[in-house]
Enquirer: 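Please find one structure pasted underneath; my questions will follow.
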Amino acid sequence: MNSDVFIRPLEIDDFPAFLEIQREALLQAPEVFGSDYDWFEGLSILSKEQKYEKYMNFPYQYLLGAVDGSGNILGMIGYSGQEQSKLKHKGRLWGLFVLQDSRGRGLATKLVSSILETARDILEVEQIQLSVSTRNDASYGLYLRLGFVVWGTEIRAMKIENSYVDEYVMVKFLV
Ligand SMILES: CC(C)(COP(=O)(O)OP(=O)(O)OC[C@H]1O[C@@H](n2cnc3c(N)ncnc32)[C@H](O)[C@@H]1OP(=O)(O)O)[C@@H](O)C(=O)NCCC(=O)NCCS
């Protein structure tokens, strides 16, 4: 297998590889995503593809992948910008996930950094927001290191069966 990893927006042809990592992410890290495994698996392939296609709009709304030379997606993150003129100075990161075997190699750092650069340099976005579970030390630490600050806490942001997940809401100002 080619050991090079490319950081690039996912394309239509990456859909089968996306399904694999999405399944893994929903199983391994249910507190990270609003959608849950059973719901996602229950969707038809057409619905999954339609949802995926909404994120084929680089640099406004896209999925950024860390993709190896064989086309496997080792990590990914989502970006959603705003179209309305009063809101387009803001963007949002979501859904950061790196496969277990690929962790600790700087892939998450590269994915987040690339999103920040694109938002600032191409879209002239002024601030990036995100939410992270208050129990997720690894990603919380990563966001702090990359210059995000906490501006609030959403209590009971998610309910997973009978337990709640609180989330920090964080922002990084780019200008
Ligand atoms: C959080 C996550 C994305 C990090 O991915 P990664 O590619 O291993 O991250 P990096 O290699 O870029 O490491 C970033 C930093 O986090 C640290 N880190 C990574 N995993 C860690 C862990 N489990 N515990 C503590 N620190 C950790 C690294 O040491 C590194 O620190 P450094 O910059 O001081 O060297 C990955 O563990 C993951 O997918 N977790 C499950 C999903 C998740 O929590 N997503 C975030 C949702 S907000």
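Note that these values count all heavy atoms, side chains included, but never hydrogens, waters or copies made by symmetry. Here the structure is a predicted model, which is why all the values come from computation and not from measurement. Just follow the structure's listing: the first ligand is 1, and inside any ligand the first atom is 1.
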Enquirer: Going by the atom numbers of ligand 1, which of them fall below 4.0 Å from some non-hydrogen atom of Arg105?
Expert: 11 (O)
Enquirer: Name the closest protein heavy atom to atom 44 (O) of ligand 1, giving the residue it belongs to and the distance to 0.1 Å.
Expert: Asn136 ND2, 2.6 Å
Enquirer: Can you tell me which residue and heavy atom of the protein come closest to atom 39 (O) of ligand 1, and the distance to 0.1 Å?
Expert: Val98 N, 2.8 Å
Enquirer: Please state which option from Ser139, Gly104, Pro30, Ser113 has its nearest heavy atom closest to atom 1 (C) of ligand 1.
Expert: Ser139
Enquirer: Distance under 4.0 Å to a non-hydrogen atom of Ala138: what atoms of ligand 1 satisfy this?
Expert: 20 (N), 21 (C), 22 (C), 23 (N), 24 (N), 27 (C)
Enquirer: Would you mind telling me if ligand 1 is within reach of the side chain of Thr109, the backbone, both or neither, using heavy atoms under 4.0 Å?
Expert: both
Enquirer: Looking at Gly106, which atoms of ligand 1 are within less than 4.0 Å of one of its heavy atoms?
Expert: 10 (P), 11 (O), 12 (O)
Enquirer: Distance to the ring centre below 6.0 angstrom and angle to the axis at most 45 degrees; does that hold for Arg120 and Phe173?
Expert: no
Enquirer: Identify, for atom 41 (C) of ligand 1, the protein heavy atom at the shortest distance, and state residue, atom and that distance.
Expert: Arg103 NH2, 3.5 Å
Enquirer: Given the protein's heavy atoms, is any one of them under 4.0 Å from atom 29 (O) of ligand 1?
Expert: no
Enquirer: Under a 4.0 Å heavy-atom limit, does Leu142 contact ligand 1 with its side chain, its backbone, both, or neither?
Expert: side chain
Enquirer: With heavy atoms under 4.0 Å as the rule, classify the contact between Arg145 and ligand 1 as side chain, backbone, both or neither.
Expert: side chain
Enquirer: Parallel under 30°, tilted from 30 to 60°, perpendicular over 60°: which one fits the rings of Tyr52 and Phe15?
Expert: tilted
Enquirer: So which heavy atom in the protein is nearest atom 45 (N) of ligand 1, and how far is it from that ligand atom?
Expert: Leu96 O, 2.7 Å
Enquirer: Identify the closest protein heavy atom to atom 7 (O) of ligand 1: which residue and atom is it, and at what distance?
Expert: Ala108 N, 3.0 Å
Enquirer: Which class fits the ring pair Phe18 and Phe40: parallel under 30°, tilted 30 to 60°, perpendicular over 60°?
Expert: perpendicular
Enquirer: Would you mind checking which non-hydrogen protein atom is closest to atom 48 (S) of ligand 1, with the distance to 0.1 Å?
Expert: Tyr143 OH, 3.3 Å
Enquirer: Quick one: look up the protein heavy atom nearest atom 47 (C) of ligand 1 and list residue, atom name and how far away it is.
Expert: Val32 CG1, 3.5 Å
Enquirer: We want to know whether Arg8 and Ser114 form a side-chain donor-acceptor pair, criterion being a heavy-atom distance below 3.5 angstrom.
Expert: no
Enquirer: Would you verify that at least one protein heavy atom lies under 4.0 Å from atom 35 (O) of ligand 1, or report that none does?
Expert: no
